[in-house]
Colleague: 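Have a look at the structure that comes next, please.
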Amino acid sequence: MVVECLTGTKVLMKGNYAIANAAVLAGCQCYFGYPITPQSEIGEFMSGKMQQLGRAYVSAESELAAINMVIGAVSTGVKAMSSSSSCAISLMQEALSYATSDQLPVVLVSVMRGGPGLGNIYPSQGDYNQATIGGGNGDYNIIVLAPSNVQECIDLTYKAFYLAFKYRNPTILLADGLLGQMMEPVEFYDYPYPEIDTSSWALTGAKGRDARVIRSYAPLETDQCVYVDNLFKKYKLIEENEVEYEEYMTDDAELVVAAFGSMYRNVKSAVKICREKGLKVGAFRPITLYPFPSKRLSELADRVEKFLVTEINMGQMVRDVRLAVNGKARVLFKGKAVGAMIDVEDLVEEIEKQMGGV
Amino acid sequence: MATQVFKIPESFRKNVRYSFCPGCDHGVAVRLVAECLDELGLTENAITATSIGCSVGLYDFLNVDSIEAPHGRALAVATGVKRAKPDKFVFTYQGDGDFASIGWAESMHCAFRGENLSAICINNTTYGMTGGQLGPTTLLGQVTTTSPTGRNIEYYGYPVKIAEHIALSDGTAYSARVSLDSVANIKKAKLAIKKAFEVQLKGLGFGFVEILSSCPTNWRMTPEQAHERVRDEMMQIFKLGVYKDITV
Amino acid sequence: MEKDFIIAGFGGQGVLLAGEVLANAFMLDCKNVTWYPSYGAEMRGGTVNCGVVMSDEEVSSVQKSKSDFIIVLNQASFDKYTSWVRKGGSIIVNSSLAKIAKTRDDINYIFVPITKMAQEKLGNIKMSNIFALGVLSKVSRLVSLKTLEKALYNVIPPHRKHLIPKNIEALKLGYEYDLLPV
């Protein structure tokens, strides 16, 4: 176990340290990173821990180099990761596009801060699009997992490594500055997923076999179409099997408030208060942002009248909700660019307004 | 009785035809790399991070496990490979644009960290694959498709002297500049490549060879004229020699 | 039940550490708890605060604009946070570094010369933060001295373990401070 504590099972830990500890416990062999607030604790922890365990750690010259080092490391079949934030994740988009096409199990932790540009270091959810759509070239998808509390930072870090290897696809753990910096009691446990066999593709030296090439392109037009078609067959599998979400009081809800990450916590308490007031309101949280729980939202839209999407950004997930609902219900938005999560009181007020008061 | 004096290196893939232009020195350079891999018995234990440009097709020629790196990132990718698998022999084969322009930060920091890697850089003073544009090593006065009146200092600044810069790093074990313009120089080039490989095998740090190379197609020259240019113009600015060797 | 706490002061007063001790204590009491810092870009100086939310159920929201208990260790924090106290809530004010003044009549004011006490009784003004937790324990009745003591063992790093007895003394002195109405 990583940390000793009087309680024996629970430790009070920051989100960033929880992520780092979970990565170590998941068997991450290599960490490559460059400092940026609000996620620097991850690299700080890793620098000591990885050396102590005889694993690899590199203070990379840039995020650009860091993510490419991850590409090199995972190409040999080992678990490796980087972590960064917003404007620096922008630098990694090229490599993420390569990694999807190279089919490499890159794990990247993105702890969002304010943007665009340098922005500021306050919490934000402004990189929903950056993670789920991405700024890299070509047709690709990245698996995106969004924790909403510190325990989930651990659970979903484990899962990120598992899914990355299961599908040979880059996976992003999308946290925000608030989650990274907050402390909550958490419980660690052994990595719960099976180890994935990499012997059919990992680079180990061409001993007793033909040399392997991990590459992203086929020189001929038709070959490239076949190649990308196959990638999309994989994405279909991911969409069919890996969707994860949380629902609260949606059974008879006339209005469903949707949020991801730490914003969902306030949504849930607002919904509780509104229920006490007799309002038929529920809450919905995608845990996987890609694959997005479109099917479930579409089902809900058959009887829910309105969806209220709340995010600490100017309306990014709201587009995915609108696509999922596809006109069957009204989709409203409440958000702001950066900073503290929207107050419970404000949410209650908004819900009451949207439901015509009581 | 007949004696075999020439054969295809074991490190080459079977029945592969070079896609390089006629007269291009890449073919010679790749062959020298293959011969060194053969002679040091490294083929089955090697992993290469390939680059972008004319050097991109390396994995089509060499029978070596390869990971494609984005443009300029070969030595970052190679760093990841080597840190994950320190017992593997890891090398890159890059052009001057990849190594010294878009990848300058990755290349220099790899040397600064003293990564136990070997890097070969082909310097042909131009971006070959995209049609002969001005690159980091384009000589003053040289006409390219993006320096139509020749490279002048006001617009383009000075060419980069790669081997000298790499030699300045404390993490560098070996840095040399060689040429492929003559049989004698080709022999020296092979020795240098072997040396850059050996320092990695001994765990001494970063091993680097810059290879002056012709590009007859983009220079609009015959292969013979191109080699003359390597001698008469390139070698005047990019002096051949060993700039650092910590084994001596 | 969900209760919100804020501890505020200037950099170097051990505000974040005090919050961490409090959060650990709630964890040891098997409560759900969340600790979160405010943070600026600077490494030193300026005001610092952290919030602690304790709940019997899962902690829903943090970063609320109102709080049940607020400890302010300097004048700037007192000025800023008085309006943050929830109606009926309490503010513990370090009267060594803030003027005794009441601007609201719907909250409880507890004025304690925390810095002075730490200096005179404990010989170290750095004990102010933990002394303040002792006061909070008495005022809030939500966390016992015993649990706070245990929490100190969780929070204080191994190479500073020798400071624990002194910190326990600070907790007790804070708890025993005579809270007469001003």
Side-chain angles (χ1 to χ4, degrees), chain A residues 28-32 34 50 54-82 91-99 101-104 106 136-137 201-217 219, chain B residues 10-14 16 19 37 41-52 56-90 92 102-113 115 117:
Chain A
C28 178
Q29 294 297 317
C30 307
Y31 175 91
F32 308 99
Y34 187 94
M50 297 302 254
R55 302 182 191 179
Y57 169 88
V58 177
S59 281
E61 61 270 26
S62 66
E63 290 84 357
L64 200 58
I67 194 70
N68 280 287
M69 288 173 189
V70 178
I71 283 181
V74 297
S75 76
T76 70
V78 308
K79 290 179 190 148
M81 70 178 289
S82 184
L91 273 171
M92 300 179 168
Q93 295 302 320
E94 171 198 47
L96 289 173
S97 168
Y98 270 75
S101 195
D102 289 339
Q103 303 208 58
L104 289 173
V106 167
N137 60 305
W201 59 268
L203 303 185
T204 54
K207 189 168 186 174
R209 58 163 171 78
D210 278 345
R212 286 175 181 158
V213 179
I214 294 179
R215 63 195 259 182
S216 66
Y217 87 106
Chain B
E10 292 294 318
S11 297
F12 267 7
R13 286 181 186 270
K14 305 293 173 243
V16 165
S19 51
L37 290 171
L42 296 173
T43 315
E44 293 187 334
N45 196 44
I47 300 176
T48 178
T50 63
S51 56
I52 307 291
V56 72
L58 194 72
Y59 41 58
D60 289 332
F61 311 134
L62 293 184
N63 193 32
V64 166
D65 273 10
S66 311
I67 165 80
E68 165 198 78
H71 198 16
R73 319 293 162 232
L75 281 166
V77 172
T79 295
V81 173
K82 188 70 179 184
R83 293 291 184 115
K85 298 285 177 189
D87 58 329
K88 296 293 160 194
F89 177 79
V90 183
T92 67
I102 193 168
W104 187 242
E106 285 75 11
S107 303
M108 282 310 296
H109 280 274
C110 192
F112 291 149
R113 286 193 304 271
E115 292 291 342
L117 295 168

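Because the structure is predicted, anything quoted here is derived from the model rather than measured. Reminder, nothing fancy here: chain letters follow the sequence lines and each chain counts from 1.
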Colleague: Just do the side-chain contact (heavy atoms from CB on, under 4.5 Å) check on A/Arg215 and B/Asp60 with the steps written out, would you?
Modeller: CA-CA 11 Å; A/Arg215 63 195 259 182; B/Asp60 289 332; 3.3 Å; yes
Colleague: Checking A/Gln29 against chain B: side chain, backbone, both or neither under 4.5 Å from a heavy atom?
Modeller: neither
Colleague: Top residue by heavy-atom pair count (under 4.5 Å) with chain B, among A/Val74, A/Asp102, A/Thr76?
Modeller: A/Thr76
Colleague: Return the minimal non-hydrogen interatomic distance between B/Ala76 and A/Asn68, and the atom names on each side.
Modeller: CB-CB, 3.8 Å
Colleague: Identify, with sequence neighbours excluded, every residue that meets side-chain hydrogen bond (donor to acceptor under 3.5 Å, both in side chains) alongside A/Glu61.
Modeller: B/Arg113
Colleague: Could you look at A/Ala65 and say if it's the side chain, the backbone, both or neither that has a heavy atom under 4.5 Å from chain B?
Modeller: both
Colleague: How close do A/Ser216 and B/Glu68 get, counting heavy atoms only, and between which atoms?
Modeller: OG-OE1, 2.7 Å
Colleague: Side chain, backbone, both or neither: which part of B/Ile47 has a non-hydrogen atom closer than 4.5 Å to chain A?
Modeller: side chain
Colleague: In the structure I gave you, are the side-chain heavy atoms of B/Lys85 and A/Val78 within less than 4.5 Å of one another anywhere?
Modeller: yes
Colleague: Determine the minimum heavy-atom distance between B/Ile67 and A/Ser75, stating which atoms define it.
Modeller: CD1-CB, 3.8 Å
Colleague: Which pair of non-hydrogen atoms, one from B/Glu44 and one from A/Gly208, has the smallest distance, and what is that distance?
Modeller: OE2-N, 3.9 Å
Colleague: Give, as side chain, backbone, both or neither, the part of A/Val213 having an atom under 4.5 angstrom from any heavy atom of chain B.
Modeller: both
Colleague: Compare all side-chain heavy atoms of B/Arg83 with those of A/Val58 and state whether any distance is below 4.5 angstrom.
Modeller: yes
Colleague: What part of B/Ala78 gets closer than 4.5 Å to chain A, counting heavy atoms only: side chain, backbone, both or neither?
Modeller: neither
Colleague: Quick one: OG on A/Ser59 to NE2 on B/His109, what's the gap to the nearest 0.5 Å?
Modeller: 11.5 Å
Colleague: Heavy atoms only, distances under 4.5 angstrom: which of B/His71, B/Glu106, B/Lys88 has the most pairs with chain A? Name it, please.
Modeller: B/Glu106
Colleague: Salt-bridged, A/Asp210 to B/Lys14, with N to O below 4.0 Å?
Modeller: no
Colleague: For A/Leu104, is it the side chain, the backbone, both or neither that has a heavy atom under 4.5 Å from a heavy atom of chain B?
Modeller: side chain
Colleague: Check for a donor-acceptor pair, side chain of B/Asn45 on one end and backbone N or O of A/Gly205 on the other, with a separation under 3.5 Å.
Modeller: no
Colleague: Using a cut-off of 6.0 Å, state whether more than 12 heavy atoms not belonging to B/Phe12 lie near its atom CZ.
Modeller: yes
Colleague: Please determine whether a side-chain nitrogen of the Lys or Arg among B/Asp65 and A/Lys207 lies less than 4.0 Å from a carboxylate oxygen of the Asp or Glu.
Modeller: no
Colleague: Atom CE of A/Met69 and atom CG of B/Leu75: how far apart are they, to the nearest 0.5 Å?
Modeller: 9.5 Å
Colleague: Quick one: what part of B/Asp87 sits under 4.5 Å from any heavy atom of chain A, side chain, backbone, both or neither?
Modeller: neither
Colleague: A/Ser101: which residues meet the side-chain hydrogen bond (donor to acceptor under 3.5 Å, both in side chains) condition with it, sequence neighbours left out?
Modeller: none
Colleague: Using non-hydrogen atoms and a 4.5 Å limit, figure out which bit of B/Ala46 sits close to chain A: side chain, backbone, both or neither.
Modeller: backbone
Colleague: For each of B/Ala84, B/Gly72, B/Pro70, tally heavy-atom pairs with chain A at distances under 4.5 Å, and name the one with the top tally.
Modeller: B/Pro70
Colleague: Please classify the contact of A/Ser97 with chain B as side chain, backbone, both or neither, using a heavy-atom distance under 4.5 Å.
Modeller: neither
